[in-house]
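Just so you know, these numbers use all the heavy atoms, side chains as well, and skip hydrogens, waters and symmetry mates.
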Amino acid sequence: VFYSGAVLPHAKPEQVVRMGIARTFQQIRVCKTLTVRENLLLACSKEYDNWWDCFRPRCERVLNDSVDKMLKTIGLEHLSESKASELSYGQSKLVEIARTLLTDAEVILLDEPASGINLTLLLTIEQLIFDLKKQGKTIFVIEHNLPFLMKISDEIVAMNEGKFLCQGTPEAVQQNPQLLAAYLGDVTPPSPLLSQEGEQSVNI
């Protein structure tokens, strides 16, 4: 894997983040013993993480301002001092995504951001992604919720049992016969992949 002319496979996680790549995980990895604010502060310290920065009074104010803005964006400002262990699954997922965004990475990898959350939180995540796209960020999403994926994506790569299946715009992919046959059985386009009714459990 190459990024900005450098090879990534042997880079340490902190080096990858410094290069401008950040990610979330399928299994939530918030620090449960810390507060929501403390979890977010962990991520946005990149600009002030030299040991001597602890002597710069401005640092704490700038970092807390960044966290306050992010808390408002994700709608969790009322939980800023709550322990992460007290959050719901969906709220924890929002904190993890927010923590990733606070690194100010140019490339953001989201693993199953829509899984296991309610519609309200899903809409918040959708808006976060749309805002990131407007900022020129590059976003890679692995996701099983096809209506969500079709809504947010510019291009989709579908795989079946680890093998490449098809690639294209959401409009093209949802009409692809191979994709329909693999995941929905023998159906005739147009497909119901964009349907918002009932369960959304098609795998991609």
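- Side-chain atoms of K72 do not come within 3.5 Å of backbone N or O of E77 as any donor-acceptor pair.
- By the 4.5 Å heavy-atom criterion applied to side chains, L40 and R99 are counted as neighbours.
- In the hydrophobic clustering of ILVMFWY residues, with side-chain heavy atoms under 4.5 Å counting as a link, F25 and V1 come out apart.
- Other residues, nucleotides and ligands contribute more than 12 heavy atoms inside 6.0 Å of the CD atom of E14.
- Each side-chain hydrogen bond (donor to acceptor under 3.5 Å, both in side chains) pair with one or both residues in residues 127-136, not counting sequence neighbours, appears once here: Q127-D131, K133-D154.
- Side-chain contact check for I125 versus L110: every heavy-atom pair is 4.5 Å or farther apart.
- Listed by chain and number, the residues in a side-chain contact (heavy atoms from CB on, under 4.5 Å) with E86 are S82, K83 (sequence neighbours excluded).
- In this structure, T24 contributes its side chain and D111 its backbone to a donor-acceptor pair below 3.5 Å.
- With sequence neighbours excluded, the residues that form a side-chain contact (heavy atoms from CB on, under 4.5 Å) with F2 are V7.
- For R23, there are no side-chain hydrogen bond (donor to acceptor under 3.5 Å, both in side chains) partners two or more places apart in sequence or in a different chain.
- Residues meeting the side-chain contact (heavy atoms from CB on, under 4.5 Å) test with F140, sequence neighbours left out: V107, L109, T138.
- A donor-acceptor distance shorter than 3.5 angstrom exists from the side chain of E143 to the backbone of A114, with no hydrogens or angles considered.
- Hydrophobic cluster membership is shared by I152 and L123, with clusters built from Ile, Leu, Val, Met, Phe, Trp and Tyr side chains linked at under 4.5 angstrom.
- K93 and S115 share a donor-acceptor pair across their side chains, judged by distance under 3.5 Å alone.
- Every residue two or more places apart in sequence or in another chain that forms a side-chain contact (heavy atoms from CB on, under 4.5 Å) with S80 is listed here: R37, L71.
- Put simply, the side chain of N160 never gets that close to the backbone of K163: no donor and acceptor are under 3.5 Å apart.
- Using a 4.5 Å cut-off on side-chain heavy atoms (C-beta onward), M150 and I156 make contact.
- Atom SG of C166 sits about 8.5 Å away from atom CG of L180, to the nearest 0.5 Å.
- V141 has its side chain within reach of P113: a pair of non-hydrogen atoms, C-beta onward, lies under 4.5 Å apart.
- Counting all heavy atoms, side chain and backbone alike, K137 lies closest to E106 at NZ-OE2, 3.3 Å.
- Within the 3.5 Å criterion, the main-chain N or O of R29 finds a donor-acceptor partner in the side chain of E96.
- Residues S66 and L102 share a closest heavy-atom pair of O-CD2, 4.0 Å.
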